[in-house]
Amino acid sequence: DTTHGTILYVEGVTVSFDGFRALNNLNLYIDEGELRCIIGPNGAGKTTMMDVITGKTKPDTGSVYFGQQINLLELSEHQIARGGIGRKFQKPTIFEALSVYENLELATAADKRVWWTLTQQLNSAQKYRIDEVLLQIGLAEHRYKNAGALSHGQKQWLEIGMLLMQSPRVLLVDEPVAGMTGEETEKTAELLLSLAGKHSVIVVEHDMKFVRSIARKVTVLHQGSVLTEGTMDQVQNDPKVIEVYLGE
Ligand code: ADP
């Protein structure tokens with residue numbers, strides 16, 4: 001029996017924009033290696049929650065800890081990203097003129113914007129890691145292809161691969177299957193499921209069919225706090241959840 005401790009503690013977090021509470025006493029606990037889906041109607045606070053965890057937005061009140069020791073509110077967005085919390089935005093930030101391999105190579109660098117890292121020799125551990133990630137994201141046979149020539153889904157996987165190069169403990173993924181074909185959606189589900197265990201994966205997603213296909217535990221946000229948590233069946237049959245979604 002492996003007991004996974006809590007890796008992320010979000011407690012009593014409130015964020016106001018001009019008096020409007022985008023997050024209102026939010027409490028969220030993420031276990032090491034778990035795959036958590038966060039759902040909720042538009043304006044529920046999902047994006048603001050990701051902004052708080054990744055250090056983009058500092059809350060008015062509350063605390064955010066990575067493990068029991070690391071106070072994320074004392075760290076910058078950059079430090080948090082470097083320290084083990086990766087975030088995948090909807091729009092990929094891959095380098096289209098470079099090959100898949102070069103994109104992953106660049107992602108091993110301390111600073112992605114430093115072009116000269118491309119001329120550095122990778123050590124064997126880094127090369128091994130790139131091969132490992134290429135297999136994980138299903139792009140091993142496309143390693144020499146220009147990233148710009150990849151399909152929409154493949155670009156998203158490459159972006160995930162670039163985050164994986166930093167071996168994040170926590171991976172935040174915003175609407176991973178938006179715009180994907182059915183086949184790409186299925187592959188993305190497999191990919192995210194394969195990442196759980198090694199990483200804590202937090203997925204914010206609107207596509208309920210997709211959430212059902214991957215989620216063990218679902219958190220429903222509403223008006224900046226947690227409305228309910230549980231399995232997909234539990235939350236979908238919860239009268240509070242039905243009411244909130246009918247009102248959308
Ligand atoms: P979600 O991602 O669940 O749709 P958001 O976190 O984007 O929700 O937004 C929560 C609420 O906070 C929304 O009502 C939104 O209009 C408001 N909000 C978010 N960011 C800002 C901002 N920078 N300034 C003012 N209001 C904001």
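Counting starts at 1 for both ligands and their atoms, following the listed order.
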Do H152 and E184 get their side chains close enough for a donor-acceptor pair, meaning under 3.5 Å? no
Polar proximity ligand 1 side, G43 side, N/O cut 3.5 Å exclusive: yes
With a cut-off of 4.0 Å, which atoms of ligand 1 are near a heavy atom of T48? 5 (P), 6 (O), 9 (O)
Ignoring hydrogens and angles, state whether a donor on the side chain of K88 or Q156 is under 3.5 Å from an acceptor on the partner side chain. yes
Apart from Y65 itself, members of its ILVMFWY cluster (side-chain separation under 4.5 Å) are Y9, Y29
Between the side chains of R36 and E229, is the shortest nitrogen-to-carboxylate-oxygen separation below 4.0 Å, so that they form an ion pair? yes
Looking only at protein heavy atoms, what sits closest to atom 15 (C) of ligand 1 is F20 CE2, 4.7 Å
Do the side-chain N and O atoms of N25 and S225 include a donor-acceptor pair separated by under 3.5 angstrom? no
So, regarding A44 and ligand 1 (criterion: nitrogen or oxygen to nitrogen or oxygen, under 3.5 Å), is there a contact or not? yes
Nearest protein heavy atom to atom 27 (C) of ligand 1, by residue and atom, and its distance? F17 CD1, 3.3 Å
Within-cut-off N or O pair, N42 and ligand 1, under 3.5 Å: no
Does some non-hydrogen atom of the protein lie less than 4.0 angstrom from atom 8 (O) of ligand 1? yes
G45, G40, A22: member with heavy atom nearest to atom 12 (O) of ligand 1: A22
Closest non-hydrogen atom pair, G62 against L73: O-CD1, 3.4 Å
Pairs touching residues 17-27 that satisfy salt bridge (Lys or Arg N to Asp or Glu O under 4.0 Å), sequence neighbours left out: none
Right, does atom 22 (C) of ligand 1 have protein non-hydrogen atoms nearer than 4.0 Å? yes
Nearest protein heavy-atom contact for atom 2 (O) of ligand 1: which residue, which atom, what distance? T47 OG1, 2.6 Å
